[in-house]
Visitor: 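Handing you a structure now.
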Amino acid sequence: MVVFLRAVQQQLAPEFREIRTTLRSNKLCPLSELAFVTQEDILLGTLTIRETITYSANLRLPTSMTIEEVNGIVEGTFIEMGLQECADRLIGNWHLRAMCTELASLLVDIIFRTLLIYDDRGSRKAVDDLIAKALGDVLFMKNFAAALVQAMERQLKVQSHVGCYRLLRWSCLLLSRSQFATVSKNALCRVAAAQASLLHIVVQRSFRERRACKQTFFNLFSQPTYLHMYVKTVLNAREKPAQVLCEAVYSLFTCISYEYFQSIVVPSSVKMLKRNPEIVLESVGILLKSVNLDLSKYATEILLVVLPQARHADEGRRVGALAIVRSLSQKSSNPDALEAMFNAVKAVIGGSEGRLAFPYQRIGMVNVLQELSNAPEGKYVNGLSRAICVFLLSYYKDDGNEEVKLAILSAVASWAARSADAIQPDLVSFIASGLKEKEALRRGHLRCLRGICKNADAVLQVSSLLGPLVQLVKTSFTKAVQRLDGIDALLLVGKITALDIKAEETVAKEKIWSLISQNEPSLVPISLVAKHRLFDVRDIQSKYFCGHLTLKFVTQASKLSTEDCMACVDLLEVLLVEHLRSVLDTFSVRLLLQLMIFLICHPSWDIRRMAYNATRKIITAAPQLSEDLLLEFTNFLSVVGEKIYLSKTRYNLHTMTC
């Protein structure tokens, strides 16, 4: 066709060497500006690369160019693309398509050169199409996979986002357009681990990149083939798979269907939990946490094979089993499923699978009941919480081990907080008698009551305990060894009096506020929350000092546990929001604000977050405290600055003497 058009052009007179076209407009254009272009990029397999490019050049370049000029452009293209070594190789077709090792390596090298060069959509699509077609060749697939893993691991070392999405997309092409998943299990694990790590970089980028990445992985993992790959690689593994490998297939879990979950995942999970639970406990926990399915249908079946691990001697197994139970309860909306799980646990506690001789076995089963309290909201929760609380109270009376009793109290708090209907007179009298127990059990009952009072509807139902709590506050704030009991008791008194006017009158008659202020003006001794120390040389030499100095060097957690510090935050919030007038008349606001600042700067993130939220509520309820709080925080920072200056001076003196 091209030869014919050019021959006709040469035979026409100059004034007739134009042709009318209707492509865009009815204008005359020179015939020399027209060219024949195929609608598909069809290459002749019997031609060499040099012949193919020369053929294309003769079609596209002006006819006024000489053969030498055309050949010069072709050679320049070879040099620019790095194709000198394979210029005389055949393109290949359906019967001449075998790729040698040298060509595969060269093609992979050219592809990875485009990673940082091509940034337009058309060029990137062309490279992706080339990869998708070439992955059918085993030699290319192996070379491409090796280069891809190396590039992804290099990207992780430098923590650069440039090219991350392209590498992730190429890795998905490798898994979806080739037989790579069946070639090498270890290689597949490396690719999956690298994918998971690069995802952490990409998710910090723009919304468009995150969305594109999500769509890419959704399309990859929406096929049942990769469910079988996951089952083979993770659930049926002979060794415990790395956590990063389990997290790498997170997108697989989020888009899994009921059909595939029931036919592929559940049978393999149950089989491996029976056969090698120590290997797959963590993997199954991640799987169940990630799926967006209602697990009511499978909950009892999975729970029955997990319960032996919940009472295992190894703590790691017990933790893994509780994570699975938590996911089952959170994603089971059917009341019958939750009741069946409760009955299964109750049967084991009752001895259906043998006597639970060791305390850790009984604690494990009680913890399972506590995890079931994460069930979704619903009317059925009222009856279920009441039944479980009744069972736990009877179990408390039968068991004589103190650690088991404390675990039972924690479970009672979790279930009673779910529904006010669970707070029956027998539960209230049980807690009242528990407040008279020895130190450990008394604290356990106080924490149980504190957990129950997280439900605002339950506070008034335990208001009859105000008298014992007031007496406990008086005793605890006059004895330093019982100060922690006093903190919990005062918190509960504050919550009850905030809702009950008669209770507030009782507290006023007992002169609780003045009694506490005389014994502890700051409510909680600062020494219990944090202790100060100057920096030493080891601090200066540590990695935190080099541009990452934190307040951890100024305040360190001392005597209070995380739970106790959270109780202190709750106490400050209740007093400064609900009882502001009484507090301002009795206590030193400066000391209370100092306590809050120390809690805001606590090393534990959970405590800092809770203290920050409490501070916002306090400032909203009492704006007049804003200036005082800012002043105390400024003084605190001044102390920090002085300590840093002293530490730098000591370090300089140390280096000079050395």
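Since the model is a prediction, treat every value here as computed from it, not as a measurement.
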Visitor: Take a 6.0 Å sphere around OH of Tyr258 and say whether it holds more than 12 heavy atoms from other residues, nucleotides or ligands.
Guide: yes
Visitor: State, to 0.1 Å, how close Ala344 and Leu304 come at their nearest heavy-atom pair, and which atoms those are.
Guide: CB-CD2, 4.0 Å
Visitor: Look at the aromatic rings of Phe112 and Trp170 and report parallel, tilted or perpendicular, splitting at 30° and 60°.
Guide: perpendicular
Visitor: Keeping to residues at least two apart or across chains, list the salt bridge (Lys or Arg N to Asp or Glu O under 4.0 Å) pairs with something in residues 256-276.
Guide: none
Visitor: Quick one: side chain to side chain donor-acceptor pair (under 3.5 Å) pairs with a partner in residues 330-341, sequence neighbours left out?
Guide: Asp294-Ser333
Visitor: Ignoring hydrogens, what is the shortest heavy-atom contact between Val306 and Val325? Give both atom names and the distance.
Guide: CG1-CG2, 4.2 Å
Visitor: Minimum heavy-atom separation for Glu69 to Met65, with atom names?
Guide: OE1-CA, 3.2 Å
Visitor: How close do Leu328 and Ala299 get, counting heavy atoms only, and between which atoms?
Guide: CD1-O, 3.8 Å
Visitor: Nearest 0.5 Å, please: how far is OG1 in Thr54 from CD1 in Ile67?
Guide: 11.0 Å
Visitor: Within the distance-only criterion (no hydrogens, no angle test), does the side chain of Ser56 pair as donor or acceptor with the backbone N or O of Ile53 below 3.5 angstrom?
Guide: no
Visitor: Do Glu278 and Asp314 have side chains that get closer than 4.5 Å, going by heavy atoms?
Guide: no
Visitor: Do Ile302 and Ser269 come close enough that some side-chain heavy atom pair is under 4.5 Å?
Guide: no
Visitor: Would you check, one step at a time, whether the test salt bridge (Lys or Arg N to Asp or Glu O under 4.0 Å) holds for Asp129 with Lys125?
Guide: CA-CA 6 Å; Asp129 292 342; Lys125 185 179 183 302; 3.0 Å; yes
Visitor: Please report the C-alpha distance between Phe144 and Asp137 in whole Å, then the side-chain angles of each, then the deciding distance to 0.1 Å, and finally whether the side-chain contact (heavy atoms from CB on, under 4.5 Å) criterion is met.
Guide: CA-CA 10 Å; Phe144 179 76; Asp137 186 271; over 6 Å; no
Visitor: Kindly compute the distance separating CG (Leu148) from CD (Glu153), expressed to the nearest 0.5 Å.
Guide: 10.0 Å
Visitor: Nearest 0.5 Å, what's the CG-CG distance between Leu174 and Leu167?
Guide: 12.0 Å
Visitor: Is there a side-chain contact (heavy atoms from CB on, under 4.5 Å) between Lys346 and Leu369? Walk through the geometry before answering.
Guide: CA-CA 9 Å; Lys346 185 167 66 171; Leu369 286 179; over 6 Å; no
Visitor: Would you check if the side chain of Arg318 reaches a backbone N or O of Ala313 as a donor-acceptor pair within less than 3.5 Å?
Guide: yes
Visitor: Answer whether the closest heavy-atom distance between the side chains of Phe140 and Ile111 falls below 4.5 Å.
Guide: yes
Visitor: Considering the options Val319, Asn276, Leu273, Ile286, which one meets the side chain to side chain contact (heavy atoms under 4.5 Å, CB included) requirement together with Leu281?
Guide: Leu273
Visitor: Return yes if some donor-acceptor pair links the side-chain N/O of Arg311 with the main-chain N/O of Arg362 below 3.5 Å, else return no.
Guide: no
Visitor: Just by distance, with hydrogens left out, do Glu371 and Ser329 show a side-chain donor and acceptor under 3.5 Å apart?
Guide: no
Visitor: Is there side-chain contact between Leu130 and Leu107, with at least one heavy-atom pair below 4.5 Å?
Guide: yes
Visitor: For Thr300 and Ala337, which heavy atoms make the closest approach, and how far apart are they?
Guide: OG1-O, 4.2 Å
Visitor: Under 3.5 Å, side chain of Gln361 to main-chain N/O of Phe358, donor-acceptor pair present?
Guide: yes
Visitor: Under a 4.0 Å threshold between the charged nitrogen and the carboxylate oxygen, would Asp109 count as salt-bridged to Arg113?
Guide: yes
Visitor: If you measure from CD1 on Ile324 to CD on Glu282, what distance do you get to the nearest 0.5 Å?
Guide: 10.0 Å
Visitor: If you round to the nearest 0.5 Å, how far is CG of Leu338 from OG of Ser296?
Guide: 7.0 Å
Visitor: Walk me through it: do Tyr298 and Val270 pass the test side-chain contact (heavy atoms from CB on, under 4.5 Å)?
Guide: CA-CA 10 Å; Tyr298 325 102; Val270 172; over 6 Å; no
Visitor: Of the non-hydrogen atoms in Ser327 and Leu288, which two are nearest, and what is the gap between them?
Guide: CB-CB, 3.8 Å
Visitor: Between atom CG of Asp128 and atom CZ of Arg121, what is the distance when rounded to the nearest 0.5 Å?
Guide: 12.0 Å
